[in-house]
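Take a look at the structure below.
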Amino acid sequence: MKKQFFKTAIITLLVFIQLNVVAQNMEDAVVLSHNGKYEAAEKIFIRLISEDEKNTSLLVASGFNNAWVKNYTAAKNRFNRALQLEPANTDAAKGLAYTYLYKGAFSKAASAFEKLVQKYPASTEYRIALALAYMNLQKKNRAQAQ
């Protein structure tokens with residue numbers, strides 16, 4: 001009985017330590033990214049994602065990191081993967097929409113931001129981004145309606 005208890009306690013402790021290590025490494029990568037050290041951040045994200053391919057927080061953070069350096073294909077892939085795993089992930093949907101906008105895929109950006117505006121009608125951020133997409137599509141009236 002005692003042996004099983006200690007075995008369970010050790011396993012629980014190891015899992016807790018591993019979760020803290022992942023959280024700290026993710027935090028380090030986010031700080032690096034926010035400080036403009038995108039390549040160093042991405043190396044950490046890649047390693048962490050290889051260890052936990054279903055962690056949508058890692059995928060989203062890596063997606064934004066890639067978008068900021070105009071690596072839109074990688075960003076799009078990260079956001080899409082996060083949305084496959086968690087379809088209601090607003091951060092992934094937002095990241096994908098902005099990736100389309102920054103890349104110049106204005107029709108896709110408009111479609112993505114329309115969905116976000118429908119879900120969050122009071123969001124000024126999504127309405128402004130949608131208006132930008134419409135302006136780039138030469139849809140001035142639709143942009144003004146936002």
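Along the sequence shown, residues are numbered consecutively beginning with 1. Every value quoted in this text rests on a predicted model; they were computed, and no experiment measured them.
- V60 belongs to a hydrophobic cluster whose remaining members, ordered by chain and number, are Y38, F64, W68, V69, F79, L83, L96, Y100; membership requires side-chain heavy atoms of ILVMFWY residues under 4.5 Å apart, directly or through intermediates.
- When the ring pair (Phe, Tyr, Trp, His ring centres under 6.0 Å) test is applied to F113, the partners found at least two apart in sequence or on another chain are Y98.
- Of the possible polar contacts, one joining the N35 side chain to the V31 backbone as a donor-acceptor pair under 3.5 Å is found.
- Checking R78, R47, K37 one by one against E42, the salt bridge (charged side-chain N to carboxylate O under 4.0 Å, His left out) holds for a single residue, R78.
- Pairing each heavy atom of A29 with each of A41, the nearest pair is O-CB, 3.2 Å.
- Contact check for K43 versus F45: no side-chain heavy atoms found under the 4.5 Å cut-off.
- A search for side-chain contact (heavy atoms from CB on, under 4.5 Å) contacts involving K119 returns A88, T90, not counting sequence neighbours.
- Atom CG of L116 and atom OG of S123 lie 8.0 Å apart (nearest 0.5 Å).
- Proximity of Q118 to Y126: side-chain heavy atoms (C-beta onward) are nowhere separated by under 4.5 Å.
- Inter-residue side-chain proximity for R127 and P121 is flagged as met; some heavy-atom pair is nearer than 4.5 Å.
- Considering only residues two or more places apart in sequence or on other chains, S57 meets the side-chain contact (heavy atoms from CB on, under 4.5 Å) condition with M26, N55.
- Scored by the side-chain contact (heavy atoms from CB on, under 4.5 Å) test, L85 finds K54, T56, L59, R81 as partners (sequence neighbours excluded).
- Taking every heavy atom of both residues into account, N66 and A75 meet most closely at CB-N, 3.7 Å.
- Take K94 and apply the salt bridge (charged side-chain N to carboxylate O under 4.0 Å, His left out) test, not counting sequence neighbours, and it matches E125.
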